Amino acid sequence: MTKQYSKAIVISAVSTAAAAAGVVATQSCTKAKAAETEKKPFNIVYIMTDDHTAQMMSCYDKRFAHTPNLDRIANDGVRFTNSFVANSLSGPSRACMLTGKHSHKNGFTDNTTCVFDSSQPTFTKHLQNAGYETALFGKWHLESLPQGFDRWEIVPGQGDYYNPDFIVESGDTVQVHGYLTDLITDKSLNWLENEHDKDKPFCLLIHHKAIHRNWLADTAHLQLFEDQTFELPENFYDDYAGRQAAAEQEMSIFKDMDLIYDLKMDRPDKDSHLKERYHSYIGRMDSAQRAAWDAFYGPMTEEFYAANLQGKELAEWKYQRYMRDYLKVVKSLDDNVGRVLDYLEENDLLDNTLVVYTSDQGFYMGEHGWFDKRFMYEESFHTPLIMHLPKGFDRKGDIDEMVQNIDYGPTFLDLAGVDVPEDMQGVSFLPLLKGEHPEDWRDALYYHFYEYPAEHSVKRHYGVRDDRYKLIHFYNDIDKWELYDLANDPKEMHNIYGQPGTDSITTVMMAKLKDLQEQYDDPIRFTYPIE
Ligand code: SGN
Ligand code: CA
């Protein structure tokens with residue numbers, strides 16, 4: 001893939017940031033023409049959640065969730081069906097999308113050992129230079145403080161759902177009463193309404209903690225989904241045959257999901273290594289919030305321990321509770337996305353604004369028996385991506401080309417008429433938003449996950465995926481290759497690496513992997529061809 005699509009693309013009646021910065025019509029222009037020339041550059045509202053997976057958005061999957069506001073975005077805009085991350089974890093994803101570079105280039109490879117060098121170039125800094133006003137509210141999760149924003153307020157680390165702390169620009173920490181998803185939206189809308197310089201185009205990042213573990217719902221939504229029983233994924237009882245890394249993870253709903261911390265079955269006579277942490281979270285609630293919480297989970301806890309479930313019954317009970325709590329947290333998120341859309345609509349901003357909704361990665365909702373993410377397998381390699389497009393972009397419905405979160409920065413810059421820096425590794429997908437199907441669009445994606453040894457014990461791996469096959473190499477304290485035929489095995493249950501008849505496809509995929517490692521200049525290498 002060449003960089004040719006990262007050049008600025010101008011569509012009719014659309015001016016660039018330079019126009020807004022003061023390029024005015026000549027005296028001889030008619031008034032109408034002058035108005036057209038001075039049309040403001042596009043605004044960007046970039047909403048990102050944490051661990052919200054496409055299976056739990058009704059615009060992607062109708063089985064479980066009802067997300068009418070997210071569906072509003074998808075229904076009148078576009079839905080990407082092949083949207084992926086570069087490294088399926090929060091901090092790394094955020095660093096990839098800010099810099100447009102893979103993890104080995106932006107330096108933030110994992111959540112546990114890295115501090116983001118905020119002085120490096122990011123798309124928001126480039127937008128600022130082009131005259132945009134930029135703001136960020138919510139989760140940052142990059143350890144250092146943000147740079148490249150005219151205004152920001154972030155939660156420390158993962159943030160708290162209830163009565164959370166915010167770090168403000170002075171560096172002070174301020175506790176705010178309320179539910180985090182509402183508060184991040186309040187702050188974002190307040191900035192748009194009262195603080196933002198309305199003469200400037202804006203780029204607003206609304207970055208939620210929701211739907212991150214441990215799924216503490218707003219007390220207003222506790223009763224929801226309690227009468228629903230959700231179908232089990234067909235591979236819930238995966239035996240991981242032929243997949244050593246999958247067998248050795250610690251993200252199993254049955255084995256690793258904590259009854260107290262994750263599923264709120266808290267009682268004085270019960271203990272777990274995460275009990276204290278659970279208490280610190282619910283300890284933030286005020287008395288009314290806590291009373292509602294205890295009234296809801298208390299009786300259920302008694303019933304649960306009295307039933308003394310074991311084996312499959314316990315596994316499936318855990319799955320149902322997980323699904324319900326997760327969906328309650330989604331409900332707040334969807335309502336708050338609706339508030340943002342309403343604001344943009346009521347203030348006549350929608351026609352001139354790109355609204356992006358995505359997540360820092362996908363998530364397992366019981367597939368392979370798991371929660372969490374990290375693996376290059378489909379559910380966590382994918383991330384949802386839907387967009388409301390500004391007027392003038394006629395594209396509607398599904399976009400099937402493969403895109404990755406390193407492409408967001410280049411796309412936003414392209415939309416703003418700003419040249420995409422050569423060292424950004426992502427590619428602008430603005431042509432796709434215009435309805436084009438560039439013939440030399442990328443045909444394979446690169447992935448590299450580093451956080452091991454660490455929580456959930458997902459081994460280090462890198463790999464390549466094209467529209468049919470996926471090749472993964474698990475390394476570090478293991479040396480295992482996996483190959484999947486996604487057409488015949490979309491759930492990735494059968495590792496066909498080394499099987500008779502797979503030599504030629506392995507050779508092709510190895511070559512693609514090698515090319516991508518060279519193209520992206522990832523210092524890691526493997527021997528090719530391998531024995
Ligand atoms: C926390 C969670 C993990 C999760 C990581 C990374 N544990 O450490 O379950 O995988 O975040 O998530 S918890 O006990 O603190 O809830 S990420 O999305 O932020 O990368
Ligand atoms: Ca995440």
Side-chain angles (χ1 to χ4, degrees), residues 47-56 83-98 103 108-116 138-143 154-162 164 180-181 184 207-217 249-253 255-264 266 272-282 284 318 322 325-326 329-330 333 357-365 370-377 379-385 405 447-460:
I47 308 173
M48 184 156 78
T49 40
D50 200 290
D51 297 356
H52 193 192
T53 192
Q55 305 93 293
M56 304 301 265
S83 152
F84 297 87
V85 295
N87 180 356
S88 186
L89 204 61
S90 166
S93 276
R94 291 161 207 277
C96 286
M97 65 88 189
L98 280 167
S103 305
F108 201 98
T109 51
D110 62 77
N111 284 340
T112 42
T113 66
C114 298
V115 176
F116 184 67
K139 188 168 174 180
W140 168 251
H141 206 202
L142 289 169
E143 299 302 321
I154 58 169
V155 294
Q158 297 282 8
D160 280 293
Y161 280 111
Y162 274 90
L180 183 57
T181 311
I184 290 171
H207 286 191
H208 290 284
K209 171 196 175 71
I211 327 297
H212 196 275
R213 192 182 181 190
N214 56 342
W215 314 293
L216 300 186
Q249 47 58 47
E250 293 173 1
M251 46 189 258
S252 148
I253 292 176
K255 288 191 308 196
D256 306 306
M257 189 173 259
D258 193 81
L259 284 170
I260 297 174
Y261 177 77
D262 290 309
L263 301 176
K264 296 96 188 173
D266 182 30
S272 92
H273 70 290
L274 290 168
K275 179 169 172 146
E276 205 177 309
R277 179 108 66 93
Y278 179 67
H279 283 188
S280 77
Y281 294 167
I282 61 171
R284 301 184 71 90
K318 289 176 93 172
Y322 168 42
D325 285 359
Y326 188 103
V329 180
V330 169
L333 182 272
Y357 181 84
T358 187
S359 171
D360 63 345
Q361 12 67 205
F363 211 68
Y364 295 93
M365 301 304 305
W370 296 338
F371 64 106
D372 215 65
K373 52 265 178 174
R374 296 161 193 267
F375 280 106
M376 196 193 169
Y377 301 135
E379 289 82 359
S380 50
F381 185 25
H382 269 281
T383 198
L385 182 62
N405 55 357
Y447 181 84
H448 195 161
F449 174 80
Y450 302 77
E451 194 178 272
Y452 179 86
E455 194 177 7
H456 301 302
S457 282
V458 174
K459 295 182 190 296
R460 293 181 190 214

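We count ligands from 1, going down the list as the structure has it; atoms in each ligand are counted the same way. Please read these numbers as outputs of a predicted model, since none were measured by experiment.
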Colleague: I'd like the atom name of the N/O/S atom in D51 lying closest to the Ca ion (ligand 2).
Modeller: OD1
Colleague: Does a side-chain heavy-atom distance below 4.5 Å link L180 with V155?
Modeller: yes
Colleague: Under 4.0 Å from a heavy atom of Q361: which atoms of ligand 1 are those, numbered in the order shown and with their elements?
Modeller: 18 (O)
Colleague: As an exercise, identify every atom of ligand 1 less than 4.0 angstrom from a heavy atom of S90.
Modeller: 17 (S), 18 (O), 19 (O), 20 (O)
Colleague: What does the angle at the Ca ion (ligand 2) come to, between atom OD1 of D360 and atom OD1 of D50, rounded to 10°?
Modeller: 90°
Colleague: Of R277, E276, H279, which meets side chain to side chain contact (heavy atoms under 4.5 Å, CB included) against Y261?
Modeller: R277
Colleague: Nearest protein heavy atom to atom 13 (S) of ligand 1, by residue and atom, and its distance?
Modeller: Y261 OH, 3.2 Å
Colleague: With atoms numbered from 1 as shown, which atoms in ligand 1 lie under 4.0 angstrom from a non-hydrogen atom of D372?
Modeller: 4 (C), 9 (O), 10 (O)
Colleague: At less than 4.0 angstrom from any non-hydrogen atom of D360, what atoms of ligand 1 do you find?
Modeller: 18 (O)
Colleague: Using a strict 4.0 Å cut-off to heavy atoms of H141, name the atoms of ligand 1 that fall inside it.
Modeller: 19 (O)
Colleague: Flag Q361 as yes if one of its N/O/S atoms falls below 3.0 Å of the Ca ion (ligand 2), otherwise no.
Modeller: yes
Colleague: Report yes or no: does N214 have a heavy atom closer than 4.0 Å to ligand 1?
Modeller: no
Colleague: Just to be sure I read this right, does ligand 1 sit under 4.0 Å from the backbone of N111, its side chain, both, or neither, counting only heavy atoms?
Modeller: side chain
Colleague: Which protein heavy atom lies closest to atom 11 (O) of ligand 1, and at what distance to 0.1 Å?
Modeller: Q158 NE2, 3.0 Å
Colleague: Can you spot which of Y326, W370, Y377, Y322 makes a ring pair (Phe, Tyr, Trp, His ring centres under 6.0 Å) with Y364?
Modeller: W370
Colleague: Would Y447 and F84 count as a close aromatic pair, with their ring centres under 6.0 Å?
Modeller: no
Colleague: I'd like to check Q158 versus K139 (side-chain heavy atoms, cut-off strictly below 4.5 Å). Are they in contact?
Modeller: yes
Colleague: Using a strict 4.0 Å cut-off to heavy atoms of R374, name the atoms of ligand 1 that fall inside it.
Modeller: 4 (C), 5 (C), 6 (C), 10 (O)
Colleague: For ligand 1, which atoms, with element, lie under 4.0 Å from some heavy atom of R277?
Modeller: 13 (S), 14 (O), 15 (O)
Colleague: Which residue and atom name correspond to the protein heavy atom nearest atom 12 (O) of ligand 1, and how close is it?
Modeller: K373 NZ, 2.7 Å
Colleague: Rounded to the nearest 0.5 Å, what separation is found between the CD1 atom of I260 and the NE2 atom of H273?
Modeller: 10.5 Å
Colleague: Is there side-chain contact between V329 and Y161, with heavy atoms separated by less than 4.5 Å?
Modeller: yes
Colleague: Under 4.0 Å from a heavy atom of K139: which atoms of ligand 1 are those, numbered in the order shown and with their elements?
Modeller: 19 (O)
Colleague: For a 4.5 angstrom cut-off between non-hydrogen side-chain atoms, does F116 reach H141?
Modeller: no
Colleague: Over 60° means perpendicular and under 30° means parallel, so classify the ring planes of H448 and Y450, tilted if in between.
Modeller: parallel
Colleague: Backbone or side chain, does any N or O of H456 fall under 3.5 Å from an N or O of ligand 1?
Modeller: yes
Colleague: Quick one: look up the protein heavy atom nearest atom 8 (O) of ligand 1 and list residue, atom name and how far away it is.
Modeller: E455 OE1, 2.7 Å
Colleague: Quick one: sort the W215 and F371 rings into parallel, tilted or perpendicular, breaks at 30° and 60°.
Modeller: perpendicular
Colleague: At what distance, to the nearest 0.5 angstrom, does OG1 of T181 lie from CG of L333?
Modeller: 6.0 Å
